[in-house]
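To start, the structure itself, in structure tokens.
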Amino acid sequence: MLEIKTNLVNISFRIEKACKAAGRDLASVRLLAVSKTFPAQAVVQAHAAGQVDFGENYIQEGVEKIQALAHLPLVWHCIGPIQSNKTRLVAEHFDWVHSVDRPKIAQRLSEQRPAGHPPLQVCIQVNVDGGPTKAGVPPQQAAELASLIASLPGLRLRGIMSIPEPAPDFASALAVHQRSQALYKSLKAQGFDLDTLSLGMSADLEAAIHAGSTLVRVGAAIFGARS
Ligand SMILES: *Cc1c(COP(=O)(O)O)cnc(C)c1O
């Protein structure tokens with residue numbers, strides 16, 4: 001478990017180095033620790049080392065950790081696929097959701113967000129490289145979904161997220177992340193008030209930061225390999 005603290009320090013160095021190389025301010029990149037498949041105790045360890053934002057893919061598993069750790073001031077992000085029968089759990093327990101990719105899910109999340117909670121912070125998941133099996137709206141449909149989300153009272157639109165296919169090298173990772181960056185800029189130019197470009201994981205966070213990522217989602221490099 002000491003390892004988690006060391007890993008977080010190493011990730012901070014990687015982020016810092018990537019920011020320097022890209023000429024960016026370190027404060028412009030937020031680290032999301034992806035704790036999926038790891039026990040609540042691993043989250044406690046990461047939090048003790050200063051980590052605040054945690055990401056979960058599997059909604060039921062995430063809710064169990066959120067409830068077990070309700071005494072800690074953590075920020076929880078849902079980053080996994082959302083079936084309509086799971087929207088209520090997301091709306092009631094999470095602070096952020098990065099994986100909204102269709103109108104029905106957005107509408108249900110807004111309706112089911114409990115009164116008295118701040119709006120759910122939302123990123124639209126975009127299928128930027130056209131991967132056939134992957135979730136995410138095609139880039140051409142992102143603006144329409146953004147308009148809907150911006151109009152829903154229970155939601156606050158923050159940006160976009162994408163999970164491209166693993167790239168063999170920095171240059172190809174950068175090229176695909178730059179497509180997300182271009183879409184993000186285009187949505188901002190269309191008047192959407194966005195501040196979050198959720199790009200990059202353990203293997204490609206440098207390329208993502210180079211392409212303007214404001215939030216990297218890192219699992220294995222913090223918590224270890226998943227079985
Ligand atoms: C698992 C996951 C991550 C973290 O991936 P690592 O390779 O473990 O860093 C990031 N984003 C999403 C959406 C994931 O499902």
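Counting convention: from 1, in listed order, for ligands and their atoms alike. Hydrogens, waters and symmetry mates are skipped; everything else that's a heavy atom, side chains included, is used.
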CD on E64 to CG on L69, rounded to 0.5 Å:
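If we round to the nearest 0.5 Å, L69:CG and E64:CD are 11.5 Å apart.
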What residues form a ring pair (Phe, Tyr, Trp, His ring centres under 6.0 Å) with H210, not counting sequence neighbours?
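Applying ring pair (Phe, Tyr, Trp, His ring centres under 6.0 Å) to H210 gives F170.
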Mind checking side chain to side chain donor-acceptor pair (under 3.5 Å) for Q121 and listing every partner two or more places apart, or none if nothing turns up?
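For Q121, the residues satisfying side chain to side chain donor-acceptor pair (under 3.5 Å) (neighbours in sequence not counted) are R158.
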What closest approach, in Å, do G136 and D101 show between heavy atoms, and which atom pair accounts for it?
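It is N-OD2, 3.0 Å.
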Is it the case that T214 and T196 place a side-chain donor and acceptor less than 3.5 Å from each other?
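No, no side-chain donor-acceptor pair sits under 3.5 Å.
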Ligand-protein N/O pairs under 3.5 Å (ligand 1):
{"from": "ligand 1", "atom 1": "8 (O)", "to": "A220", "atom 2": "N", "distance (Å)": "2.7"}
{"from": "ligand 1", "atom 1": "8 (O)", "to": "R226", "atom 2": "NH1", "distance (Å)": "2.8"}
{"from": "ligand 1", "atom 1": "8 (O)", "to": "R226", "atom 2": "NH2", "distance (Å)": "3.1"}
{"from": "ligand 1", "atom 1": "9 (O)", "to": "S202", "atom 2": "N", "distance (Å)": "2.9"}
{"from": "ligand 1", "atom 1": "9 (O)", "to": "S202", "atom 2": "OG", "distance (Å)": "2.5"}
{"from": "ligand 1", "atom 1": "9 (O)", "to": "G219", "atom 2": "N", "distance (Å)": "2.8"}
{"from": "ligand 1", "atom 1": "11 (N)", "to": "R217", "atom 2": "NE", "distance (Å)": "2.8"}
{"from": "ligand 1", "atom 1": "15 (O)", "to": "K36", "atom 2": "NZ", "distance (Å)": "2.7"}
{"from": "ligand 1", "atom 1": "15 (O)", "to": "N57", "atom 2": "OD1", "distance (Å)": "2.9"}
{"from": "ligand 1", "atom 1": "15 (O)", "to": "N57", "atom 2": "ND2", "distance (Å)": "3.0"}

Keeping to residues at least two apart or across chains, list the ring-ring contact (aromatic ring centres under 6.0 Å, His included) pairs with something in residues 61-88.
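Found F54-W76, H77-W96, H77-H98.
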